[in-house]
Number of protein chains: 2
Amino acid sequence: MAAVNKKTSRSIYEVARAAGVSSSTVSRVLGGRAELVASATRERVMAAAQTLGYRPNRMARGLATGRSNIVGVLVHDIRNRQLAQVLRGIDQAARQLGILTMLCNTDYDAARATEYLAMLDDHQVAGVVLTGQDYAGKGDGSRFKEQIERMTGRGIVAVGVGESTSQALRVSLHNRRLGRQLADHLLDLGHRRFAFVRVEPSLRALDNRERGFRDAVAARGLPADRVVIRSATRSLAGGAAAAVELLDSGVDFTAVVGATDEIAAGCHLGLTRRGIHVPQDVSIAGWGDSEMSDLLGHRLTTVETPMFQLGVGAIHLLVQALDGSPRRRHVVVDAELVVGESTGPAPARPTKRRDGFRLAAQINGR
Amino acid sequence: MAAVNKKTSRSIYEVARAAGVSSSTVSRVLGGRAELVASATRERVMAAAQTLGYRPNRMARGLATGRSNIVGVLVHDIRNRQLAQVLRGIDQAARQLGILTMLCNTDYDAARATEYLAMLDDHQVAGVVLTGQDYAGKGDGSRFKEQIERMTGRGIVAVGVGESTSQALRVSLHNRRLGRQLADHLLDLGHRRFAFVRVEPSLRALDNRERGFRDAVAARGLPADRVVIRSATRSLAGGAAAAVELLDSGVDFTAVVGATDEIAAGCHLGLTRRGIHVPQDVSIAGWGDSEMSDLLGHRLTTVETPMFQLGVGAIHLLVQALDGSPRRRHVVVDAELVVGESTGPAPARPTKRRDGFRLAAQINGR
DNA sequence: CTGTTAGCGCGTTCAT
DNA sequence: ATGAACGCGCTAACAG
């Protein structure tokens, strides 16, 4: 180590001397037990701390209490857009509570996640937030689970985010309900024939959207085959390809639903390139906030998934569990349908106009 | 506090007893001073630690040494896509070095950033990584700077990431060089009339791209007005609007360059919607990895900005500075031109074909 | 209500 | 090459 660290930070002893009290009293005032101290001395201590610029040494406190004010956050892939919103929510809620967060990118690797957990454990974290699907399953997955249990057994709180987690404490959307929401919107517009584009590989949360969607369609007394299912790779190109394939295979539909926003936007692009007008010919809808709306030329109708609130909820749930029992073990965050310009009334004649499509496609290229 | 924390973690004392040595010896072996211990006893200690499942208490170590193995990372907005890549690089490099990172989202707020710095300081962080532009300028900005100096004065290392930072230790791209790279590519293809779309508000790094671009054009003996400058808001829509405006104002150009990938993609969309063929009529290029390539139907030509390496470099620079002097105080990461399908030879007749455009636009709508 | 005392787990002299 | 002793800054009994 090179630099010589001049000691400049104040300790409670210096504050104690300045205030004419003992270090315990200072500890009480500055460490959360302020109500045990006479208000007169309390003021004196706080004033002294203020003028000295006292700052608590978190390491010392952590050593003494066996707990830090740090929360670990495990993510599969930090590049995920939805995740970024969750992290903002976590950041805001944590900051307001004086908590710092350690971000751990696991790349879906259970072994790496387990190692990260151990490191967080070494740092006496108060809790961990587990975003996305579980690491369960394989050999490393079970060791991950063991590590979690070892930690929770010692009072560390683990909160899962999303519907694909088996954590006892979790915060998530109600994707099945969201599925119903979107279906009802389209049904109310008169649509009766749908194409639903899944993603492959899927996630439990996305499967639930599909289930909810089919639930709602069935609830109107429509046969199950009114919802044609397709799979796409999770990208704009995947969505576009699926949409084009739907056209080419002669499937009958007036509305396309993408399991994610990206898929929906891809479908939009694919259809538009074939000269189909949205929403006059076909309505399109999806889930999740669409920053790609302006790419499409107009706003996509979506069920807005409040990922930010998911993050906030995770921290709040964690803190609640930390001091006592949380009010609920499973927090569900509500979502809201945002009607854009990609959905409209079902066309009067729901049959396909293949020739018109072909012509437009020719002009438009590709 | 509710949960009773059964003490289950091992201390060096238990390892010491199991190995039949003193705690000092264990500390030396497990704390980096292993070479001071006879290899025989060293083995014994390591074996004991292994079987006991010993894990060092980071809080205790931090208290004793006045330093943790934590690095703070300040970001303006965690949703930024480039940033996500940087964070992955930071995560990987840090993990391999046994370092944990604390992520702090500041929302461009100097006061919030300063508060975060103080919190990190309380945690005895080894260093901080400052991404993006400085928080300097306003009143809060100067307090931010003071806080940084206070910390660096105590041996905490601060590393800036990007060209818009004034940190002594920094890692960045050489955006001016990147600007020249792209210009040379287009010049080699025969282009002589360019439109350069800036973003508003701009950043120093982006300004440098523009400067480099103009440098290279001038270096070929072309007059400055061969590069027409436009500004756009930083979005696909902004890029599209700028491109359309260029068309409508009758500017003469065979190649469009966007200061960012998003802008370039937006220009692509705007031109394509007007029926312009890329790259037959107009070439388009930008900087940064384009995940929107598939949205455009083909790959954009870009200078790939290796943001991941920027993150890796930041951590490496930080640890170098931590134990001794870094080899360089300013690390420049190289970028590579990736030629996609959006650039091609300049059209033989560089004049505008306004009528053709109008016709295509009419057919294509919007 | 406040002060005294004793650790928390580890690094680090200083002896040996 | 190893061990004994002390301190890092703070919290948490226990007295008073």
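These numbers come from the heavy atoms of this one structure, side chains and all, not from hydrogens, waters or symmetry mates.
- A donor N or O paired with an acceptor N or O is not found under 3.5 Å between the base of D:dC8 and the side-chain atoms of A:Tyr13.
- Side-chain contact of A:Tyr116 with A:Thr106: a donor-acceptor pair under 3.5 Å is absent, judged by distance alone.
- Checking D:dA4, C:dT4, C:dG11 against every side-chain atom of B:Arg61, the shortest atom distance belongs to C:dG11.
- In this structure, CZ of B:Arg67 is placed 15 Å from P of C:dG11, rounded to the nearest angstrom.
- With D:dC10, C:dC10, C:dT4 as the choices, the nucleotide that has an atom nearest any side-chain atom of A:Ser22 turns out to be C:dT4.
- Distance A:Tyr54 OH to D:dC10 C1': 7 Å, rounded to the nearest Å.
- Among the nucleotides D:dC10, C:dT2, D:dT2, the one closest to any side-chain atom of A:Thr25 is C:dT2.
- Around the CD atom of B:Gln50, the shell of radius 6.0 Å holds no more than 12 heavy atoms that belong to other residues, nucleotides or ligands.
- Of the side-chain N and O atoms in A:Ser27, one or more sit less than 4.0 angstrom from OP1 or OP2 of D:dT11.
- Spacing between atom CZ of A:Arg17 and atom C1' of C:dT2 amounts to 19 Å, rounded to whole angstrom units.
- The distance between atom CZ of B:Arg28 and atom C1' of D:dG3, rounded to the nearest whole Å, is 8 Å.
- Taking 3.5 Å as the limit, the base of D:dA4 and the side chain of B:Ser24 contain a donor-acceptor pair of atoms between them.
- When distances are taken from the side chain of A:Ala64 to each of D:dG9, C:dC10, C:dG11, the shortest belongs to D:dG9.
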